[in-house]
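Heavy atoms only: backbone and side chains are in, while hydrogens, waters and symmetry mates are out. Note on naming: letters A, B, ... go to the chains in the order of the sequence lines (proteins, then strands), and numbering restarts at 1 for each one.
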There are 2 protein chains.
Amino acid sequence: MSRLDHSLIAGLPAFEGLARADLDAILSKAVALRVAKDDAIFDQGVEAGSFFILLDGRVRVVRTTPDGRQAIVRYIVPGELLGIAQALGRDTYPASAVAAVDCVVLAWPSRLWAKFAVDYPSFGKNTYRTVGARLEDVQTQMLDMATRQVEQRVAHALLRLVRQAGRSDGDGIAIDFPISRQDIAEMTGTTLHTVSRIMSAWEDKGLVKSGRQQVTIVESHKLLLLAEGRTERD
Amino acid sequence: MSRLDHSLIAGLPAFEGLARADLDAILSKAVALRVAKDDAIFDQGVEAGSFFILLDGRVRVVRTTPDGRQAIVRYIVPGELLGIAQALGRDTYPASAVAAVDCVVLAWPSRLWAKFAVDYPSFGKNTYRTVGARLEDVQTQMLDMATRQVEQRVAHALLRLVRQAGRSDGDGIAIDFPISRQDIAEMTGTTLHTVSRIMSAWEDKGLVKSGRQQVTIVESHKLLLLAEGRTERD
DNA sequence: CGAGGAGTTGACGTTGGTCAATAAATGTGG
DNA sequence: CCACATTTATTGACCAACGTCAACTCCTCG
């Protein structure tokens with residue numbers, strides 16, 4: 001196993017305010033893993049053996065119903081924690097995590113989470129802040145699902161993705177990982193067909209450019225208006 | 001201000017594992033408030049001056065969109081924390097809380113939350129467990145909204161209410177606080193009309209009995225089947 | 001070059017939202 | 001205690017949004 005350098009995690013919000021020695025102590029317990037695109041990092045319902053930090057790549061977090069339908073809860077970007085079942089007082093993962101591209105993660109045994117939270121209070125505080133932020137986030141999405149129609153929800157979803165994983169390119173801001181119509185449908189509670197129709201219409205109006213697993217927002221301002229539902233009849 | 005007795009909060013999950021002296025210290029900082037039915041305990045967006053524990057009554061937590069549409073995030077029953085913006089790393093309330101019936105709450109100044117979490121680690125741990133449980137909860141509801149149709153969502157919502165606020169009466173299990181069709185609609189992301197139609201149909205089949213702001217589940221098993229979508233054609 | 005995955009688009013039907021009218025229950029002021 | 005206003009619930013008529021089904025295209029990969 002290769003030696004891990006504290007610079008790997010020194011800048012991350014989860015470890016903010018920790019001394020170099022602490023970081024080294026934490027890292028000495030970590031294992032770095034490569035995860036190939038489309039491989040699972042953990043699976044919903046199984047015992048939570050580890051928690052993780054994403055160092056590189058993009059991960060989608062997915063919840064599945066007993067009858068196989070699923071929803072994408074969120075995308076994770078580098079620096080974020082995932083699989084922190086312990087922090088939620090659980091011993092199984094409440095969702096699955098799948099690498100959206102090739103990823104690198106650090107993994108720790110779950111039982112260390114409680115120890116870290118005690119030994120390094122700011123770590124505990126920071127992860128709870130993360131949990132709190134996610135709670136808010138999901139509540140906002142709920143409100144969206146309850147009150148807005150599909151087109152607005154799709155617009156919101158794309159804007160959210162662009163904010164956290166946007167890379168500006170020639171035509172506008174591109175979502176920097178492969179994402180299919182099906183994925184967008186699972187983020188917004190609709191079908192790939194409806195997403196496809198909506199995005200084709202947007203493409204005609206010049207709001208977005210998109211192709212196979214690839215989306216670029218061209219007119220983010222107009223898309224925002226659409227998302228907020230401030231555009232009357234056409 | 002009247003003296004508060006530690007027995008008020010001794011049994012509550014949030015204060016599990018604390019000594020009597022700790023409870024008294026905590027209580028000495030608390031203020032007990034009566035809140036009349038339909039009065040707000042706090043409002044979405046305003047600075048979070050206090051956090052609360054519900055001692056008696058039922059509270060609904062509501063999120064409102066800029067354009068005035070709203071969704072009921074959850075109902076709070078006695079013993080539960082509410083308004084714990086601090087635990088989420090926020091300084092404004094992310095939702096509003098309204099008394100569904102006359103209520104009694106204990107209130108503490110928000111800044112004490114961090115102090116309590118440090119002085120009484122199990123308090124911190126317990127509240128974070130609460131936040132974690134709520135995160136899971138909302139995610140489950142999201143999945144529901146994304147994958148099930150209205151009738152199933154309404155069934156789920158009623159079963160959830162019955163589980164946390166059910167009182168058995170002659171005909172079955174009643175929801176023990178007044179709840180309107182509109183409320184149920186706001187829990188499930190639909191309209192009062194649709195809720196009314198669905199529940200009228202259920203009433204005809206003998207699954208529920210309901211009236212003005214009042215619902216009783218008669219055949220909870222059949223309702224559960226409905227909620228899970230295991231009932232084929234009629 | 002063939003197969004499989006991703007996307008598009010049309011046709012069609014259903015769910016469930018909108019609009020409107022009415023009824024029943026509750027509260028209020030005289 | 002009664003007339004009246006208000007709130008809540010029910011129900012019908014209508015129709016739009018969106019899901020389902022199906023066919024076809026295009027791209028990528030092996």
Side-chain angles (χ1 to χ4, degrees), chain A residues 36-38 67 69-71 98 100-101 144-155 157-158 175 177-205 208-216 226 229 231-234, chain B residues 36-38 60 67 69-72 98 100-101 144-155 157-158 175 177-205 208-216 226 229 231-234:
Chain A
K37 177 161 151 49
D38 295 327
D67 60 311
R69 311 195 55 175
Q70 56 181 52
V98 178
V101 298
D144 256 51
M145 294 269 294
T147 62
R148 331 220 74 122
Q149 23 203 81
V150 175
E151 187 176 29
Q152 300 180 309
R153 299 206 303 267
V154 173
L158 292 188
I175 293 166
F177 58 89
I179 184 165
S180 68
R181 302 292 182 267
Q182 175 70 34
D183 292 331
I184 296 170
E186 288 178 5
M187 293 182 73
T188 52
T190 180
T191 62
L192 74 164
H193 307 279
T194 298
V195 171
S196 179
R197 276 185 254 267
I198 288 171
M199 291 187 57
S200 294
W202 288 349
E203 187 121 26
D204 290 346
K205 295 196 211 155
V208 304
K209 284 184 179 259
S210 69
R212 192 189 178 79
Q213 307 209 90
Q214 196 277 324
V215 180
T216 302
L226 237 169
T231 52
E232 297 305 301
R233 317 264 100 259
D234 206 347
Chain B
K37 176 162 152 48
D38 295 328
R60 66 168 176 275
D67 59 312
R69 313 195 52 175
Q70 54 181 52
I72 295 178
V98 178
V101 297
D144 257 51
M145 294 269 294
T147 63
R148 331 220 74 122
Q149 24 203 84
V150 174
E151 187 175 29
Q152 301 180 310
R153 300 207 301 267
V154 173
L158 292 189
I175 293 166
F177 59 89
I179 183 164
S180 68
R181 303 290 182 267
Q182 176 71 34
D183 292 331
I184 297 171
E186 288 178 5
M187 293 182 72
T188 51
T190 179
T191 63
L192 74 164
H193 307 279
T194 298
V195 171
S196 179
R197 278 186 253 267
I198 288 171
M199 290 187 57
S200 294
W202 289 349
E203 188 121 24
D204 291 346
K205 295 196 208 155
V208 304
K209 284 182 179 262
S210 69
R212 193 187 177 81
Q213 308 211 88
Q214 195 279 323
V215 180
T216 302
L226 237 170
T231 52
E232 298 306 299
R233 319 262 98 257
D234 208 344

Asks: Return no unless some side-chain N or O of B:Ser200 is found under 4.0 Å from OP1 or OP2 of D:dA9.
Replies: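 For D:dA9, neither OP1 nor OP2 has a side-chain N or O of B:Ser200 closer than 4.0 Å.
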Asks: Please name the pair of heavy atoms, one in A:Leu226 and one in A:Gln152, separated by the smallest distance, quoted to 0.1 Å.
Replies: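 Scanning both residues, the minimum pair turns out to be O-CG, 3.6 Å.
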Asks: Using the test side chain to side chain donor-acceptor pair (under 3.5 Å), find all partners of B:Ser196 that sit at least two apart in sequence or belong to another chain.
Replies: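 Here no residue qualifies.
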Asks: Could you pull out all residues at least two apart from B:Thr191 that satisfy side chain to side chain contact (heavy atoms under 4.5 Å, CB included)?
Replies: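 Per chain and number, B:Thr191 pairs via side chain to side chain contact (heavy atoms under 4.5 Å, CB included) with B:His193, B:Thr194.
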Asks: Closest heavy-atom contact between A:Arg153 and A:Asp144?
Replies: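 Between these two residues, the closest heavy atoms are CD-O, 3.8 Å.
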Asks: Among residues 209-216 of chain A, which contact DNA chain C at a heavy-atom distance under 4.0 Å?
Replies: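 The stretch gives A:Gly211, A:Arg212, A:Gln213 as the residues lying under 4.0 Å from the strand, ordered by number.
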Asks: Just to verify, what does B:Val98 make a side chain to side chain contact (heavy atoms under 4.5 Å, CB included) with, not counting sequence neighbours?
Replies: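 B:Val98 satisfies side chain to side chain contact (heavy atoms under 4.5 Å, CB included) with B:Arg60 once adjacent residues are dropped.
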Asks: Side chain to side chain donor-acceptor pair (under 3.5 Å) with B:Arg181: which residues, sequence neighbours excluded?
Replies: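 Side chain to side chain donor-acceptor pair (under 3.5 Å) list for B:Arg181, sorted by chain: B:Ser210.
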Asks: Starting at the 5' end of nucleotides 16-22 of chain C, put B wherever the base has a protein heavy atom under 4.0 Å, S where only the sugar-phosphate does, and a dash everywhere else.
Replies: SSBBB--
Asks: Taking salt bridge (charged side-chain N to carboxylate O under 4.0 Å, His left out) as the test, write out the residues that go with A:Asp38, two or more places apart.
Replies: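 In terms of salt bridge (charged side-chain N to carboxylate O under 4.0 Å, His left out), with neighbours along the sequence ignored, A:Asp38 is linked to no residue.
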Asks: Which residues pass the side chain to side chain donor-acceptor pair (under 3.5 Å) test with B:Thr147, not counting sequence neighbours?
Replies: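 For B:Thr147 there are no side chain to side chain donor-acceptor pair (under 3.5 Å) partners, ignoring immediate neighbours.
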Asks: With a 4.0 Å cut-off on heavy atoms, is B:Ser196 in touch with a base, just the backbone sugar-phosphate, or nothing at all?
Replies: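 Base contact.
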Asks: Let's see if you get this right: which residues in residues 178-188 of chain B place a heavy atom under 4.0 Å from DNA chain D?
Replies: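 B:Ser180, B:Arg181, in order of number.
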Asks: A:Arg197: what forms a salt bridge (charged side-chain N to carboxylate O under 4.0 Å, His left out) with it, not counting sequence neighbours?
Replies: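 A:Arg197 satisfies salt bridge (charged side-chain N to carboxylate O under 4.0 Å, His left out) with no other residue.
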Asks: Taking five pairs at each end, how big is the angle between the two axes of the helix from C:dC1-D:dG30 to C:dG30-D:dC1, to 10°?
Replies: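 The end axes of the helix from C:dC1-D:dG30 to C:dG30-D:dC1 are about 40° apart, to the nearest 10°.
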Asks: Among all residues two or more places apart in sequence or in another chain, which pass the side chain to side chain donor-acceptor pair (under 3.5 Å) test with B:Gln182?
Replies: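 Partners of B:Gln182 by the side chain to side chain donor-acceptor pair (under 3.5 Å) criterion, ordered by chain and then number, come out as B:Glu186.
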